[in-house]
A.B. asks: 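Following this message is one structure expressed as structure tokens.
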Amino acid sequence: MTNRKMFFTMLWGAVFRRRSRAMMAVIASLVGAATLFCLASVCVAVPQQMNEEMRAYGANLIVTPASATGKSQGIDTATVRNVTALIGAGHSVKSAAYRYESVRINSAPYTIAGVDVKAVRALNRHWNVTGDWPGSDNVMVGRDVADALGVKVGSRVTIGYRAADASASASSSASAKSDSDESTETAESSAQGTQSTQTTQGEQTTQATENGRVSSDIMDNDGTEFRIAGIVDTGGNEDSIIYATTADMAKLAGSKRGADVVEYSVNAMGDELNDIVNNINRSADKNPNSAVKAQTVTRITSSDTRIIAMLQTLFWIVSLVVLVLTLVGVGTTISSIVSQRRNEIGLRKALGADSRAIGVEFYVESGIYGLIGGLLGTAIGYVLARVLCSTVFGRALGLNWLLCVGSLLLSVAIAVIASIPPVRRATRIDPAIVLREE
């Protein structure tokens with residue numbers, strides 16, 4: 001019998017003659033591999049899954065006009081298409097454009113937003129809408145507006161448009177968003193911040209136009225009648241806005257112009273999102289005629305980063321604890337196996353066996369336990385991670401083969417490292433003492 005064949009024969013006997021001890025070592029490796037693979041899979045998947053989930057809560061990037069001319073004319077369609085193409089290069093993106101105007105209802109000033117209903121609805125899935133979204137001759141009002149007017153779904157209101165009020169709104173609604181540090185608010189907050197300015201300027205105007213008619217009476221309540229199709233309740237600045245379709249907005253104002261704010265929900269975060277913002281701003285610098293200013297909505301992006309950082313920190317802490325427990329479990333089991341085979345080791349050394357050969361045999365035996373435990377643990381860990389992602393995020397988790405290979409190698413490495421102290425003790429056994437005890 002060759003030395004290699006003898007080696008594998010002894011290894012086979014060592015594993016299967018002590019099945020109970022071998023099973024304990026395999027279970028220790030299995031638990032460690034299953035826990036680590038599950039945590040690693042979730043940790044890899046969570047940033048992407050969390051980013052997708054957070055995208056349901058509105059935009060994480062906004063674009064506003066950068067020049068004074070742009071603030072009065074809005075962002076034209078061509079510029080919006082170019083910016084969207086720049087953002088969408090390598091990222092999934094949703095966008096919605098908002099045109100803000102100042103209007104009067106019962107002589108009180110309010111802000112109305114002209115929107116593409118389909119785009120806004122897709123971007124803001126978290127909005128709680130009672131009734132329907134805006135439609136032709138139908139508007140949706142915020143909860144604060146509904147409470148102030150004392151209206152409900154199905155009520156009718158007369159909305160009056162004044163050109164003087166609108167001129168203030170067009171210039172200040174975008175600037176309030178682009179020039180201030182309030183980037184943690186959504187796009188609607190820019191319009192809300194303009195209402196006091198609009199009111200003052202509107203009251204000082206003696207020749208204001210409402211629905212194409214000249215009025216010198218600020219208490220004139222004439223306008224266009226709309227039906228309230230729905231009421232939106234978000235707990236934020238959206239509750240102070242009136243929403244109408246783009247067509248109704250153009251009809252009410254008697255003219256068409258670009259958007260004051262374009263909101264984007266981009267499947268990116270952190271430095272990647274900041275790079276997109278910088279690219280947009282650099283492109284705008286090269287073309288001043290269509291200059292826009294991009295910035296992140298820090299309320300959303302900071303929440304993403306904070307939550308993901310907390311989860312990753314928890315992952316590393318738990319992983320460290322699991323690694324230590326796995327090392328202790330495998331090391332204890334190997335120590336027990338070495339103790340049981342103490343006489344065998346002494347006899348082999350008395351017959352001339354090399355300490356290195358004995359050590360290699362134990363290391364390979366430990367590696368086999370780690371490999372078997374790693375295979376089973378990785379499979380169990382994947383099932384647990386898949387169930388966890390399906391339960392929490394409602395999405396399936398794909399198999400990451402790189403993690404699988406890493407899990408197997410780590411399981412083998414942990415098993416071998418854990419066996420080093422007991423194997424070193426085994427190679428120091430004095431055969432004379434062992435044989436004398438026999």
Side-chain angles (χ1 to χ4, degrees), residues 1-37 39-40 316-381 404-438:
M1 182 179 292
T2 63
N3 289 338
R4 181 174 297 179
K5 187 174 181 181
M6 175 62 78
F7 175 80
F8 285 108
T9 300
M10 295 182 66
L11 186 63
W12 179 271
V15 172
F16 288 94
R17 280 201 308 269
R18 298 172 178 83
R19 287 188 293 272
S20 61
R21 299 289 182 182
M23 187 65 68
M24 291 176 61
V26 169
I27 291 175
S29 296
L30 182 152
V31 172
T35 306
L36 289 175
F37 185 84
L39 289 174
W316 286 114
I317 293 174
V318 175
S319 297
L320 182 62
V321 173
V322 171
L323 280 174
V324 172
L325 293 178
T326 303
L327 283 170
V328 172
V330 176
T332 302
T333 305
I334 298 299
S335 295
S336 177
I337 293 174
V338 170
S339 298
Q340 284 186 338
R341 298 175 61 183
R342 187 168 179 270
N343 294 337
E344 175 190 334
I345 295 170
L347 180 59
R348 289 175 60 185
K349 293 190 70 174
L351 294 175
D354 185 19
S355 296
R356 181 175 178 274
I358 295 174
V360 169
E361 179 182 336
F362 277 104
Y363 289 140
V364 173
E365 182 179 346
S366 300
I368 291 175
Y369 298 149
L371 180 62
I372 297 173
L375 284 169
L376 297 175
T378 299
I380 295 173
C404 290
V405 175
S407 177
L408 292 178
L409 294 177
L410 184 61
S411 297
V412 173
I414 290 175
V416 173
I417 293 172
S419 66
I420 291 177
V423 170
R424 292 185 65 182
R425 289 196 298 269
T427 57
R428 294 195 185 101
I429 291 177
D430 188 345
I433 298 176
V434 174
L435 293 177
R436 190 181 303 119
E437 292 178 355
E438 286 290 321

A.B. asks: Look up atom CD1 in I27 and atom CD1 in I372, then write down how far apart they are to the nearest 0.5 Å.
C.D. replies: 12.0 Å
A.B. asks: Once you round to the nearest 0.5 Å, how far does CE of M23 lie from OG1 of T333?
C.D. replies: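 Reported value, rounded in 0.5 Å steps: 12.0 Å.
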A.B. asks: Could you tell me which non-hydrogen atom of F37 sits nearest to which non-hydrogen atom of G381, and how far apart they are?
C.D. replies: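 Of all heavy-atom pairs spanning F37 and G381, the closest is CD2-C, 3.7 Å.
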A.B. asks: Once rounded to the nearest 0.5 Å, what's the spacing between atom CD1 of I414 and atom CG of L36?
C.D. replies: 6.0 Å
A.B. asks: Would you compute the distance between atom CG of L323 and atom CG of L320 and round it to the nearest 0.5 angstrom?
C.D. replies: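 Taking CG in L323 and CG in L320, the distance rounds to 6.5 Å.
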A.B. asks: Quick one: side chain to side chain contact (heavy atoms under 4.5 Å, CB included) partners of V318, sequence neighbours excluded?
C.D. replies: L39, L314, V322
A.B. asks: Looking at every non-hydrogen atom in both residues, tell me the closest pair between V416 and Y363 and how far apart they are.
C.D. replies: CG2-O, 3.9 Å
A.B. asks: Can you find a pair of side-chain heavy atoms, one from R425 and one from S335, that are under 4.5 Å apart?
C.D. replies: yes
A.B. asks: Check whether any side-chain heavy atom of V330 sits under 4.5 Å from a side-chain heavy atom of S29, and report yes or no.
C.D. replies: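 Side chain of V330 against side chain of S29, heavy atoms only: contact under 4.5 Å found.
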A.B. asks: Which heavy-atom pair separates I417 from P421 by the least distance, and what is that distance?
C.D. replies: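 The answer is O-CD, 3.7 Å.
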A.B. asks: Is any side-chain heavy atom of V412 closer than 4.5 Å to a side-chain heavy atom of L408?
C.D. replies: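 No, side chains not in contact.
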A.B. asks: If every non-hydrogen atom of S411 is compared with every non-hydrogen atom of G370, which pair is closest and at what distance?
C.D. replies: CB-O, 3.4 Å
A.B. asks: So which heavy atom on A25 is nearest to which on Y369, and how close?
C.D. replies: CB-CD1, 3.6 Å
A.B. asks: For C404, run the side-chain contact (heavy atoms from CB on, under 4.5 Å) check against T378, L375, L409 and tell me which one passes.
C.D. replies: T378
